[in-house]
Amino acid sequence: MAEHSSKGGDFMGKYIPDEVIDRVREHYDIVDVVGQTVQLKKSGRNFFGLCPFHSEKTPSFSVSPEKQIYYCFGCGAGGNVIKFVMETEQLSFVEAVVYLAEEAGIPIPTAEHPANSAEEDRRRQLLKVLDMAAKLYHHLLLQHEHGEEARRYLLQRGLTMETIREFQLGYAPDSYQFLLPFMRRRGFDETLLVEAGLAAEKETAAGRNRVYDRFRGRVMFPIHDTQGNVVGFGGRILGDGRPKYLNSPETSLFHKGRHLFNLHRARKSMRKEQQALLFEGYMDVIAAWQAGIRSGIASLGTSLTEEQARVIRRNAETAVICYDSDAAGQTAAERGLDVLKDQGCIVKVAQMPAGLDPDDYIRKYGADAFRGDVIAQALPYTAFKLEALKKGINLQDEPQRMKYLTKALDVIADLPLAIERDHYLRRLSEEFHVSLDALKQEQRVIASKKKREGKGDKGAREWNNGYDGGKHMVASGRKLSAHEEAEKRLLIMMMHDKQIAERVRESVGAEFNVEENAAVAAYLYAYYAEGHPANPGRFIHYVRDDRLVERISGWIMQDIPENILEEEVADYIRHIRTYPLYKEIEAKEEEVKQAERAGDIAKAARLGIELIQLREKVRKKA
């Protein structure tokens with residue numbers, strides 16, 4: 001959250017004052033915003049659903065309409081409506097505020113910010129140069145003789161001019177020095193182009209760095225972020241050459257493991273249909289879109305990552321993997337299955353006819369056949385797994401058939417629902433003419449062995465809300481010590497009452513014993529010093545540290561008494577102030593024992609006097 005400041009935000013060089021940010025935050029009901037991504041059910045005063053930030057089977061994600069915050073008790077993710085949009089839409093703080101303001105019709109001020117962020121300015125320059133490159137490549141494809149061959153190639157692949165324009169497809173000429181001089185004439189330097197991934201540099205024999213166009217002789221596919229900004233490119237070579245596809249390198253804007261091709265277009269359909277179609281290539285996505293299938297996305301030349309799978313799960317309940325029918329495509333499908341399932345998706349695998357990819361199939365048989373015969377007939381996760389196990393096994397050979405059945409039972413043993421296990425055991429029994437009772441008995445033996453060896457991780461994850469850890473990992477659930485509990489409760493009170501915060505500032509100051517709690521206290525002192533009211537939801541916006549935001553969100557989900565007792569506040573302050581002295585007394589008592597055991601009576605007496613002095617300090621502070 002480096003872009004976000006308690007003094008407002010900076011968008012495209014414009015200042016967004018705190019009052020506008022507050023208007024944005026107060027305009028939205030967090031339940032409505034979260035409800036567009038998470039299916040919520042009311043329970044008591046709060047709403048609960050499955051966390052969009054980690055895989056779980058039992059809802060632990062809580063949304064408070066009263067406090068206008070969310071918090072996951074499983075992984076610790078938390079914050080207000082702006083933070084939620086930042087996390088789910090992969091936006092910076094400023095981008096999230098602007099996005100919400102535009103949706104709400106709240107005008108963004110036009111006054112220039114007095115201290116423009118150099119980092120934000122660089123980001124704008126990168127977006128500008130990438131957008132300009134996309135427009136240049138697109139113009140060359142549509143209007144220039146340079147793009148004639150590429151244009152012919154795309155039309156032969158069945159794309160219409162309307163589709164080419166929709167996806168802003170382009171062409172990069174086969175020249176080392178085409179884009180570079182074009183951009184130089186418009187005031188962009190080489191370092192910016194290298195940073196954007198549009199140019200590359202290589203050291204020559206003379207020891208000089210030579211900068212040249214990265215994409216040459218390629219059909220260009222712009223890759224967008226969730227807001228439709230061009231952040232990178234995929235380029236397909238025309239004719240022979242390697243690599244066939246070349247993606248932008250990792251940059252500050254573009255991350256292969258985070259972005260998904262066409263997500264910004266497909267997201268609306270994914271959410272409406274609660275289904276995502278995951279393709280292997282750009283052309284498959286584009287062909288499906290042209291045929292009216294609008295929920296198609298693709299990873300970017302790498303195996304599907306956990307982060308991409310989480311993005312898919314936030315937008316759709318079911319993911320249908322629709323990869324090529326060749327060995328590489330099916331292997332990639334097998335890898336993607338587990339990644340998606342671990343993030344809580346219902347996963348299916350579409351079976352493509354041999355020799356055809358989705359693009360070929362749609363052109364040959366049409367969109368209706370693709371929907372009805374491929375997508376609708378997609379195999380569920382377990383069925384696909386069981387079919388995949390048959391590869392390379394001669395099922396006519398009895399030892400190999402037994403080997404297959406053992407592997408199949410191993411897959412079935414991981415299924416969490418008894419009804420699902422029974423379904424697939426019956427299928428095996430019918431297919432191989434094996435006793436159902438024998439299969440059930442063997443499956444129970446395998447499940448028991450997995451449990452003993454600690455290998456039943458999938459079942460364990462489901463009983464543990466499906467959570468394996470990650471960036472939102474919360475403390476191990478240990479009970480807080482007395483001084484930790486006192487600090488937490490006091491800070492919660494301080495967020496609800498400015499006078500209590502002032503009293504703590506005067507009596508405790510920065511002397512909290514837990515480092516993170518001292519940081520929260522420092523934020524609170526500054527927040528109130530700037531004249532802000534006691535409002536936990538607004539205070540969360542003020543805090544600039546993600547870890548502290550999550551900590552605070554969990555705290556303020558807890559109810560506090562309407563009438564805070566003076567004695568309770570005094571008791572918490574006493575705990576905090578005396579804890580270091582009690583630790584010192586504990587250490588001193590141990591020193592006395594050691595001196596007495598060693599027979600050093602003089603040292604023991606001296607330490608005893610120091611102990612009396614420490615206890616007197618405790619009495620005074622108390």
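Predicted model only: the values in this text are computed from it and were never measured.
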| Can you list the steps and then say if Asp213 with Leu180 is a side chain to side chain contact (heavy atoms under 4.5 Å, CB included)? | CA-CA 6 Å; Asp213 288 7; Leu180 277 166; 3.4 Å; yes

| field | Arg216 NZ/CZ over Tyr176 ring centroid, <6.0 Å and within 45° of normal | value | yes

| request: Flag yes if more than 12 heavy atoms outside Gln39 fall under 6.0 Å of its CD atom; otherwise flag no. | output: no

| request: Would you check if there is a donor-acceptor pair between the side chains of Tyr542 and Arg538 at a distance under 3.5 Å? | output: no

| said: How long is the straight-line distance from CD of Glu306 back to CG of Asp338, given to the nearest 0.5 Å? | reply: 11.5 Å

| Do you know the tightest heavy-atom contact between Lys348 and Pro380? | CG-CA, 4.2 Å

| task | Any chance you could lay out the side chain to side chain contact (heavy atoms under 4.5 Å, CB included) test for Leu253 and Asp225, step after step, and finish with the verdict? | result | CA-CA 9 Å; Leu253 297 179; Asp225 63 15; over 6 Å; no

| For residues Arg314 and Thr37, is any side-chain donor paired with an opposing acceptor at under 3.5 Å? | no

| Quick one: which of Gln275, Arg310, Arg271, Lys268 gives a side chain to side chain contact (heavy atoms under 4.5 Å, CB included) with Asn315? | Arg271

| Who passes side chain to side chain contact (heavy atoms under 4.5 Å, CB included) against Ala101, sequence neighbours left out? | Val24, Ile106, Ile108

| For the student: nearest non-hydrogen atoms of Cys322 and Met352, plus distance | SG-SD, 4.0 Å

| request: Evaluate the side chain to side chain contact (heavy atoms under 4.5 Å, CB included) criterion for residues Ile21 and Arg25: first the C-alpha distance (whole Å), next the side-chain angles of each, then the deciding distance (0.1 Å), finally the verdict. | output: CA-CA 6 Å; Ile21 296 171; Arg25 184 174 52 79; 5.5 Å; no

| task | With sequence neighbours excluded, tell me which residues meet side chain to side chain contact (heavy atoms under 4.5 Å, CB included) with His224. | result | Gln168, Pro222, Val230, His264, Arg265

| field | ring pair (Phe, Tyr, Trp, His ring centres under 6.0 Å) partner of Tyr137, chosen from Phe167, Phe233, Tyr171 | value | Phe233

| request: Check the surroundings of atom NZ in Lys256: do more than 12 heavy atoms from other residues, nucleotides or ligands lie under 6.0 Å from it? | output: yes

| task | Take atom NZ of Lys41 as the centre, draw a 6.0 Å sphere, and report whether it contains more than 12 heavy atoms from other residues, nucleotides or ligands. | result | no

| said: For the aromatic rings, using the six-membered ring if either is Trp, is the centroid distance between Tyr323 and Phe279 under 6.0 Å? | reply: no

| note | In this structure, CG of Leu140 is separated from CE of Met220 (nearest 0.5 Å) by 11.0 Å

